[in-house]
2 protein chains.
Amino acid sequence: MSYKEKKVISIGVISELTGLSERQIRYYEERKLIFPERSKGGTRKYSFHDVEKLVDIANKIEDGMQTFEIRREEMKKADIRNKMLRGQLNAAFKMRK
Amino acid sequence: MSYKEKKVISIGVISELTGLSERQIRYYEERKLIFPERSKGGTRKYSFHDVEKLVDIANKIEDGMQTFEIRREEMKKADIRNKMLRGQLNAAFKMRK
DNA sequence: CGTGTAAGGAATTCTGACACG
DNA sequence: CGTGTAAGGAATTCTGACACG
């Protein structure tokens with residue numbers, strides 16, 4: 001896994017990097033838009049990828065989009081990715097028969 | 001600046017990533033081998049590059065090298081880099097005359 | 001709905017020092 | 001020299017709640 005995906009950054013730093021309040025960052029997690037890991041003690045850990053995600057989210061919210069819409073959009077993307085992956089695997093499987 | 005160089009990781013996470021104790025990590029800073037940044041509150045912030053540096057340092061110490069030797073080695077490398085850079089710049093300057 | 005805030009507590013980090021060697 | 005540790009304090013983060021709207 002690349003550095004970009006490693007969850008090692010605490011919420012305070014994330015707040016600085018994104019310009020969002022800690023409240024906002026935690027709320028977007030509550031709405032299932034981001035998924036930080038946790039230390040043994042329970043503190044949240046984010047990745048650089050999460051920083052980019054958060055900036056995207058913030059922009060969409062500024063444009064008037066609601067969190068559930070952003071989430072739905074995200075789900076749709078993941079769905080398409082899954083279908084494409086299935087297609088790939090299926091094609092590969094058929095070739096082996 | 002790439003993600004690798006951004007100083008955003010706290011000492012606890014660095015300790016986990018490197019397997020070194022916080023004591024060791026702070027000591028290597030005292031010996032001028034690494035240079036974390038500080039938050040307003042004074043907590044140390046490291047980069048992924050520092051993680052790699054620390055692993056290197058730990059290996060050298062395990063091989064019996066002393067911190068001042070590691071530092072000397074580092075200084076020498078930086079020195080060579082500087083000389084090469086000067087050479088480059090000088091050559092470029094002459095070409096313009 | 002999305003965000004601010006005060007509240008109390010817990011986890012994290014800091015420094016300077018003593019210890020061993 | 002390099003590292004462990006106990007000590008006391010400060011910075012950081014956590015959760016649940018009230019507020020506004």
Side-chain angles (χ1 to χ4, degrees), chain A residues 6-75, chain B residues 6-75:
Chain A
K6 292 218 93 177
K7 308 259 184 179
V8 297
I9 313 175
S10 62
I11 197 165
V13 174
I14 292 293
S15 174
E16 287 180 2
L17 294 179
T18 61
L20 300 172
S21 70
E22 301 186 6
R23 181 67 165 99
Q24 289 174 301
I25 297 168
R26 293 195 190 100
Y27 181 66
Y28 301 153
E29 175 183 359
E30 190 183 317
R31 302 314 309 271
K32 311 281 188 197
L33 297 179
I34 42 169
F35 307 93
E37 291 180 0
R38 297 279 183 146
S39 73
K40 310 91 235 155
T43 66
R44 273 167 266 249
K45 297 299 173 193
Y46 303 85
S47 67
F48 282 113
H49 183 229
D50 290 328
V51 173
E52 298 187 4
K53 258 185 175 174
L54 283 166
V55 171
D56 275 5
I57 293 167
N59 284 334
K60 287 173 183 168
I61 286 184
E62 248 184 319
D63 292 349
M65 205 178 307
Q66 285 188 285
T67 55
F68 83 89
E69 297 178 290
I70 299 175
R71 176 154 158 71
R72 180 154 48 75
E73 197 181 71
E74 226 47 57
M75 304 274 283
Chain B
K6 289 218 95 177
K7 309 258 184 180
V8 296
I9 314 175
S10 62
I11 196 165
V13 173
I14 292 292
S15 174
E16 286 178 3
L17 294 178
T18 60
L20 300 173
S21 69
E22 299 186 5
R23 180 67 164 101
Q24 288 174 301
I25 297 167
R26 294 196 191 100
Y27 181 65
Y28 301 153
E29 176 184 0
E30 190 182 317
R31 301 314 310 273
K32 311 280 186 197
L33 298 179
I34 42 171
F35 307 92
E37 291 180 359
R38 299 278 183 145
S39 72
K40 311 93 235 153
T43 66
R44 273 168 266 249
K45 298 300 173 192
Y46 303 86
S47 67
F48 282 113
H49 183 231
D50 289 329
V51 173
E52 297 187 5
K53 257 185 176 175
L54 282 166
V55 172
D56 275 6
I57 293 168
N59 285 334
K60 286 174 185 170
I61 284 183
E62 247 184 319
D63 292 349
M65 204 177 308
Q66 287 189 284
T67 54
F68 82 90
E69 296 177 293
I70 299 174
R71 175 154 158 73
R72 182 154 46 75
E73 198 179 73
E74 227 47 56
M75 303 275 284

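Every chain is numbered from 1 and lettered A, B, ... according to where its sequence line falls, protein lines coming before strand lines.
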A.B. asks: Between A:Y28 and A:I61, is the side chain to side chain contact (heavy atoms under 4.5 Å, CB included) condition met? List the steps.
C.D. replies: CA-CA 11 Å; A:Y28 301 153; A:I61 286 184; 3.4 Å; yes
A.B. asks: To the nearest angstrom, how far is B:R31 atom CZ from D:dT3 atom P?
C.D. replies: 11 Å
A.B. asks: What residues from residues 17-26 of chain B pass a heavy-atom cutoff of under 4.0 Å to DNA chain D?
C.D. replies: B:S21, B:R23, B:Q24
A.B. asks: Answer yes or no: does atom NZ of B:K45 have more than 12 heavy-atom neighbours from other residues, nucleotides or ligands under 6.0 Å?
C.D. replies: yes
A.B. asks: Measure from CD1 on B:I11 to P on D:dT12 and round the result to the nearest Å.
C.D. replies: 14 Å
A.B. asks: NZ of A:K45 versus C1' of C:dT12: gap in Å, rounded?
C.D. replies: 8 Å
A.B. asks: Atom NZ of A:K60 to atom P of C:dG2: distance rounded to whole Å?
C.D. replies: 14 Å
A.B. asks: In whole Å, I'd like the distance from the CD1 atom of B:I9 to the P atom of C:dT13.
C.D. replies: 12 Å
A.B. asks: Should A:S10 be listed as having a side-chain N or O under 4.0 Å from OP1 or OP2 of C:dT12?
C.D. replies: no
A.B. asks: Take the protein atom CZ of A:R38 and the nucleotide atom C1' of D:dT15, then report the distance between them rounded to whole Å.
C.D. replies: 9 Å
A.B. asks: Which of the following nucleotides, C:dC14, D:dT13, D:dG2, is nearest to the side chain of B:Y28?
C.D. replies: D:dG2
A.B. asks: Hey, is the side chain of B:T43 poking within less than 4.0 Å of OP1 or OP2 on C:dT12, counting only N and O atoms?
C.D. replies: no
A.B. asks: Are A:R23 and A:Y27 side-chain neighbours, meaning at least one heavy-atom pair lies under 4.5 Å?
C.D. replies: yes
A.B. asks: Would the number of heavy atoms belonging to other residues, nucleotides or ligands and lying under 6.0 Å from CE of A:M65 be above 12?
C.D. replies: yes
A.B. asks: Set out, in order, the CA-CA distance, both residues' side-chain angles and the distance that settles side chain to side chain contact (heavy atoms under 4.5 Å, CB included) for A:L17 and B:K6, then state yes or no.
C.D. replies: CA-CA 11 Å; A:L17 294 179; B:K6 289 218 95 177; 3.8 Å; yes
A.B. asks: Between C:dA10 atom P and A:R44 atom CZ, what is the distance in whole Å?
C.D. replies: 17 Å
A.B. asks: What's the separation between atom CD1 in B:I14 and atom CD1 in B:I11, rounded to the nearest 0.5 Å?
C.D. replies: 8.5 Å
A.B. asks: Mapping A:G41 and A:Q66 to their closest nucleotides on DNA chain C, which lands nearer the 5' end?
C.D. replies: A:Q66
A.B. asks: Below 4.5 Å, heavy atoms only, C-beta onward: do A:R26 and A:R44 meet side chain to side chain?
C.D. replies: yes
A.B. asks: B:I25 versus B:I34: any side-chain heavy-atom pair under 4.5 Å?
C.D. replies: yes
A.B. asks: Would you please test A:V13 and A:Y46 for side chain to side chain contact (heavy atoms under 4.5 Å, CB included) and show each step?
C.D. replies: CA-CA 9 Å; A:V13 174; A:Y46 303 85; over 6 Å; no
A.B. asks: Take B:K32 and B:E74 through the side chain to side chain contact (heavy atoms under 4.5 Å, CB included) test and state the conclusion after the steps.
C.D. replies: CA-CA 10 Å; B:K32 311 280 186 197; B:E74 227 47 56; over 6 Å; no
A.B. asks: Return the nearest nucleotide to the side chain of A:I61; candidates are C:dG2, D:dC14, C:dC14.
C.D. replies: C:dG2
A.B. asks: Whole angstroms only, please: what is the OH-C1' distance between A:Y27 and D:dA17?
C.D. replies: 15 Å
A.B. asks: Looking at residues 48-55 of chain A, who's got a heavy atom less than 4.0 Å off DNA chain D?
C.D. replies: none
A.B. asks: Closest approach of A:F68 and A:R31, non-hydrogen atoms and distance?
C.D. replies: CB-NH2, 4.2 Å
A.B. asks: Pairs counted only when both distances fall under 3.5 Å, Watson-Crick or G-U: show me the 5' to 3' dot-bracket for DNA chain C, [ ] for pseudoknotted crossings and | for other-strand partners.
C.D. replies: .||||.||.|.|.||.||||.
A.B. asks: Please check: side-chain N/O of B:D50 versus main-chain N/O of B:S47, any donor-acceptor pairing under 3.5 Å?
C.D. replies: yes
